Amino acid sequence: NAGVTQTPKFQVLKTGQSMTLQCAQDMNHEYMSWYRQDPGMGLRLIHYSVGAGITDQGEVPNGYNVSRSTTEDFPLRLLSAAPSQTSVYFCASSYLGGTPYNSPLHFGNGTRLTVT
Amino acid sequence: KNEVEQSPQNLTAQEGEFITINCSYSVGISALHWLQQHPGGGIVSLFMLSSGKKKHGRLIATINIQEKHSSPHITASHPRDSAVYICAVSLGGTYKYIFGTGTRLKVLA
């Protein structure tokens with residue numbers, strides 16, 4: 001099993017450019033989520049989804065869009081990149097069956113994004 | 001005040017030492033998760049706790065729900081234990097997680 005696959009691993013953007021970070025999982029997980037990791041701060045939730053067609057905002061959603069058209073894929077779109085969006089981005093998924101919220105999170109390997 | 005606080009931020013130990021790290025939280029949770037972030041950046045979930053004790057290899061953790069605290073310890077530490085250990089809580093009644101800033105552990109041979 002591939003688990004959670006994120007692409008690309010590295011990306012450099014100019015201010016104002018748009019791009020999509022890809023996240024795919026092959027574990028049939030209902031829950032998928034995006035985080036950013038900045039120096040000295042914990043991972044912060046950007047957006048999450050509990051199933052196809054269902055998305056919601058996390059702690060830091062501004063400047064990012066998501067959609068969930070399939071169970072497997074949860075892309076994160078940067079609409080107009082800004083230097084403040086320079087960060088490492090992680091996608092994570094988990095199973096929601098049984099006891100909600102208490103399944104382990106499975107993380108992708110991260111995308112290092114630099115906005116100049 | 002952060003809702004999830006970890007201490008210490010950095011910890012250096014000699015191989016074989018007994019190590020304890022700490023996580024305190026101030027919100028209602030449904031579970032507490034311990035994650036390990038390797039030097040290469042990948043993040044792995046070690047285990048989740050909603051009560052009692054869990055074990056992952058030489059890492060043993062308990063949770064005190066009343067005091068809102070978890071203190072995992074590593075027995076007989078080894079250089080391969082070197083990593084950042086991240087505490088995360090799943091907020092009760094939501095699908096949201098809050099993460100601590102991590103404890104960076106370095107075990108010297």
Side-chain angles (χ1 to χ4, degrees), chain A residues 2-6 9-10 23 27 29-51 54-61 66 68 74 87-113, chain B residues 1-10 21 23-52 54 56 59 61 63 65 70 83-104:
Chain A
V4 179
T5 302
Q6 280 186 244
K9 290 186 178 180
F10 302 94
C23 177
M27 297 171 283
H29 285 167
E30 301 95 332
Y31 183 84
M32 296 186 76
S33 51
W34 277 102
Y35 304 88
R36 58 179 290 171
Q37 186 177 41
D38 300 297
M41 304 184 74
L43 289 152
R44 292 183 292 168
L45 178 64
I46 304 171
H47 286 285
Y48 66 95
S49 168
V50 297
I54 307 170
T55 64
D56 205 347
Q57 296 181 349
E59 182 184 353
V60 288
V66 291
R68 184 97 179 267
F74 190 46
S87 188
V88 181
Y89 292 84
F90 287 94
C91 177
S93 71
S94 74
Y95 179 56
L96 278 181
T99 306
Y101 332 125
N102 288 348
S103 297
L105 283 169
H106 298 257
F107 285 85
N109 287 331
T111 296
R112 186 173 296 272
L113 175 68
Chain B
K1 189 181 190 310
N2 293 333
E3 292 163 307
V4 178
E5 294 200 334
Q6 290 188 242
S7 64
Q9 285 189 327
N10 295 284
I21 56 180
C23 175
S24 297
Y25 56 92
S26 58
V27 293
I29 71 169
S30 55
L32 185 145
H33 302 245
W34 279 103
L35 313 172
Q36 183 187 55
Q37 185 165 25
H38 301 292
I43 300 174
V44 175
S45 177
L46 298 177
F47 44 63
M48 300 169 296
L49 295 154
S50 54
S51 64
K54 285 283 181 72
H56 180 88
L59 180 67
I63 185 170
I65 299 295
S70 176
V84 177
Y85 292 83
I86 300 171
C87 172
V89 298
S90 46
L91 296 181
T94 77
Y95 294 103
K96 297 181 179 180
Y97 294 82
I98 299 178
F99 296 77
T101 55
T103 292
R104 185 177 299 275

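Model, not experiment: these values are computed from the prediction. Scope of the values below: all heavy atoms of this structure, side chains included, with no hydrogens, waters or symmetry mates. Chain letters run A, B, ... following the sequence lines, proteins first, then strands; residues in each count from 1.
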Discussion item. With rounding to the nearest 0.5 angstrom, report the CE to OG distance, B:Met48 to A:Ser94.
Written reply: 9.0 Å
Item to complete: Check the pair A:Tyr48 / B:Tyr97 against ring-ring contact (aromatic ring centres under 6.0 Å, His included), numbers first and verdict last.
Response: CA-CA 10 Å; A:Tyr48 66 95; B:Tyr97 294 82; 9.0 Å; no
Worksheet item: Atom CZ of A:Arg44 and atom CD1 of B:Ile98: how far apart are they, to the nearest 0.5 Å?
Response: 12.5 Å
Item to complete: Drop me the distance from B:Gln36's CD to A:Phe107's CZ, to the nearest 0.5 angstrom.
Response: 12.5 Å
Discussion item. Which atoms of A:Gln57 are under 4.5 Å from chain B, going by heavy atoms: the side chain, the backbone, both sets, or neither?
Written reply: backbone
Discussion item. Counting only non-hydrogen atoms closer than 4.5 Å, does B:Leu35 touch chain A with its backbone (N, CA, C, O), its side chain (CB onward), both, or neither?
Written reply: side chain
Worksheet item: For B:Tyr95, which of A:Leu45, A:Val50, A:Asp56 qualifies under side-chain contact (heavy atoms from CB on, under 4.5 Å)?
Response: A:Val50
Worksheet item: Nearest 0.5 Å, what's the CZ-CD distance between B:Phe99 and A:Gln37?
Response: 9.5 Å
Fill in: Distance-minimising heavy-atom pair for B:Ser45 and A:Leu105
CB-O, 3.4 Å
Fill in: Stepwise side-chain contact (heavy atoms from CB on, under 4.5 Å) test for A:Leu43 and B:Ile43
CA-CA 11 Å; A:Leu43 289 152; B:Ile43 300 174; 3.8 Å; yes
